[in-house]
Number of protein chains: 2
Amino acid sequence: MLVVLARCRVHYDGRAKSELGSGDRIIMVKPDGSFLVHQSKKREPVNWQPPGSFVSVEERNGKVILRSVRRKPKETLEVELEEIYLASLFRAEDYEELDLTGSEAEMAEMIFKNPELIEPGFRPLFREKPVGSGIVDILGKDNRGNLVILELKRRKADLHAVSQLKRYVEALGGEHGNVRGILVAPGLTSGARRLLEKEGLEFRKVQPPKRGEFKRGKQKTLF
Amino acid sequence: MLVVLARCRVHYDGRAKSELGSGDRIIMVKPDGSFLVHQSKKREPVNWQPPGSFVSVEERNGKVILRSVRRKPKETLEVELEEIYLASLFRAEDYEELDLTGSEAEMAEMIFKNPELIEPGFRPLFREKPVGSGIVDILGKDNRGNLVILELKRRKADLHAVSQLKRYVEALGGEHGNVRGILVAPGLTSGARRLLEKEGLEFRKVQPPKRGEFKRGKQKTLF
DNA sequence: TGGTTGATATCGCAA
DNA sequence: TTGCGATGTCAACCA
């Protein structure tokens, strides 16, 4: 990994196009081709290149230029180094991967193990089930035999989430009889609630579970 | 800005929760509170804290710990430094902002200046117009007086984009007469095309314009 | 490779 | 602060 602290200018052209005038930034080049230029604010790099890009060093008019090119889509990033304060090559040894909990995938596992979190008699049948237009999170049946579509969100659900659920319900509703759609999330935005009710869809309040923690309140521990 | 190259462990708890075992990483702490931990792969940090977080340094069991706390949502990130290879404090002077072109906003400007890019007689009336559920990109009328909703995408439009457009059309369709929905984008995914046709919505192929470049083909320069 | 969707998404804007 | 939508979103997963 290469880390450079420098005053520089940055030029990008590809899916979009950008220019960044002279200033002090941190430049990071990773062995997988990832290329990051960070200003002193925000979590996001001001310019970047994703993994798989190819980096090279040139000299133009006495200035060192870091150039990164990506094929498909064709994108070019050029960093014109004006003054280098520090450059460090770092042979990073790292065999560990992030272990994360509290994802939507874990919400789905929890519901398959405890279907009564949705309602008594709910039976989950499919996970990530492709339907006419899109992929349903969980497809199951209720105790009356109606098809039930669950759309899970690990955080407060918004209008997009309701549209998504509605799209799945309409994709299945044409072929089958009555199809229920249930949005499963820790909460709803005001607009999502309005649209959900207008469309005759339902909501179940469920928090994404975190491994190694106890749950409180209505949502009991799994087992 | 602080840059540290170190072998470390990382612990995060907040909206989700994660653990990362010992390995070499690059740690970056920005003056606005942004906190990044990068492994040697991918564009994304493996762990992070967004701007507005508060960083502190502690010592625990003879180990230095970088700790960043965020209020609302309550989130904590701890980096346990096991071996520090390099630590650098960088007083970055930077008064420049990114100048980017080729955005959806510029697509909208282009359409307001050249409405015939959509069709002869199209008249754009509102930009970012709130409707019952959501905000329409461009609301206008065609030469027969029908309401027309444009949903713009700077890249290939997907199912999500069609759902969004459909949501707006249905929000206005209830109150007004015939309402047309047009997806304006450089392309469509296969599924998006299927759904668009099924729903009786329309498509216009338009590329987002880049300032300082000439256009080719059907889409003429604006000048 | 294209399609689809999740994400500790982040970020900007408006009410 | 909440809601809403764009992003050069990125990244994972599947057909």
Side-chain angles (χ1 to χ4, degrees), chain A residues 12-18 34 41-52 70 72-77 98 100-105 107-108 128 130-131 133-137 151-161 163-164 167-168 187-194 208 210, chain B residues 12-18 34 41-53 70 72-77 98 100-105 107-108 128 130-131 133-137 151-161 163-164 167-168 187-195 208 210:
Chain A
Y12 156 73
D13 197 356
R15 288 168 291 177
K17 188 173 188 245
S18 75
S34 306
K41 289 177 181 173
K42 302 292 173 193
R43 199 208 78 140
E44 291 299 301
V46 62
N47 280 110
W48 71 91
Q49 205 68 288
R70 179 192 193 190
K72 195 119 202 280
K74 177 72 171 169
E75 297 196 289
T76 307
L77 182 65
L98 189 72
L100 184 136
T101 181
S103 63
E104 187 195 282
M107 264 179 96
E128 310 259 308
V131 297
S133 49
I135 302 162
V136 166
D137 275 342
E151 175 57 36
L152 312 184
K153 290 294 165 200
R154 65 171 308 288
R155 55 175 183 169
K156 186 186 278 198
D158 58 12
L159 284 173
H160 289 354
S163 286
Q164 202 179 346
R167 167 154 51 92
Y168 302 147
L188 283 177
T189 65
S190 48
R193 181 171 294 281
R194 259 198 324 275
K210 287 184 194 173
Chain B
Y12 156 73
D13 197 357
R15 289 167 290 177
K17 188 173 188 244
S18 74
S34 306
K41 289 177 183 175
K42 302 292 172 193
R43 201 209 76 143
E44 291 300 299
V46 63
N47 281 110
W48 71 91
Q49 204 71 286
S53 310
R70 178 193 193 189
K72 199 131 199 271
K74 177 69 169 171
E75 296 196 290
T76 306
L77 182 64
L98 189 72
L100 185 136
T101 181
S103 64
E104 187 196 281
M107 265 179 96
E128 310 257 310
V131 297
S133 49
I135 302 163
V136 166
D137 276 340
E151 174 58 34
L152 313 184
K153 290 295 166 199
R154 67 169 308 287
R155 56 173 182 172
K156 187 186 278 196
D158 57 11
L159 282 173
H160 183 110
S163 286
Q164 204 179 339
R167 168 153 50 91
Y168 303 147
L188 283 177
T189 65
S190 48
R193 180 171 296 281
R194 263 202 318 277
L195 183 59
K210 288 185 193 172

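The structure displayed is predicted, hence computed values, not measured ones. Just so we're on the same page: letters track the sequence lines, and every chain starts at 1. Scope of the values below: all heavy atoms of this structure, side chains included, with no hydrogens, waters or symmetry mates.
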What pairs with A:R15 under side chain to side chain contact (heavy atoms under 4.5 Å, CB included), at least two apart in sequence or on another chain?
A:Y12, A:W48, A:R70, A:P73, A:E75, B:R154
Among residues at least two apart in sequence or on other chains, which ones pass side chain to side chain donor-acceptor pair (under 3.5 Å) with A:S133?
none
At under 4.0 Å between heavy atoms, which parts of nucleotides 7-15 of chain C does protein reach? Answer with one letter per nucleotide, 5' to 3': B base, S sugar-phosphate only, - none.
SBBBSS---
Going by the rule side chain to side chain donor-acceptor pair (under 3.5 Å), which residues pair with B:S18 if we only count those two or more places apart in sequence or in a different chain?
B:N47
Suppose we screen for side chain to side chain contact (heavy atoms under 4.5 Å, CB included). Which residues come up paired with A:A192, at least two apart in sequence or across chains?
A:V162, A:L188, A:T189
In whole Å, I'd like the distance from the NE2 atom of B:H160 to the P atom of C:dT5.
10 Å
Drop me the distance from A:K156's NZ to A:S190's OG, to the nearest 0.5 angstrom.
8.0 Å
Sorted by position of nearest nucleotide on DNA chain D, 5' first, the leading residue of A:L188 and B:L152 is A:L188
Using a heavy-atom cut-off of 4.0 Å across all strands, would you classify A:R167 as base, sugar-phosphate, or nothing?
sugar-phosphate
Can you tell me how far apart CZ (A:R167) and CD (B:Q164) are? Round to the nearest 0.5 Å.
11.0 Å
Distance check: side-chain N/O of A:Y168 vs OP1/OP2 of C:dT5, anything under 4.0 Å?
yes
NZ/A:K210 to CG/A:L100 distance, rounded to the nearest 0.5 angstrom?
9.5 Å
I'd like the 5' and 3' limits of the part of DNA chain D contacted by chain A, with heavy-atom contacts below 4.0 Å.
D:dG3 to D:dA11
Atom CE of B:M107 and atom NZ of B:K153: how far apart are they, to the nearest 0.5 Å?
10.0 Å
With P as the reference atom in both, quote the distance from D:dC4 to D:dG8 in angstrom, rounded to an integer.
23 Å
Which whole number of Å gives the distance between the P atom of C:dT8 and that of D:dG5?
22 Å
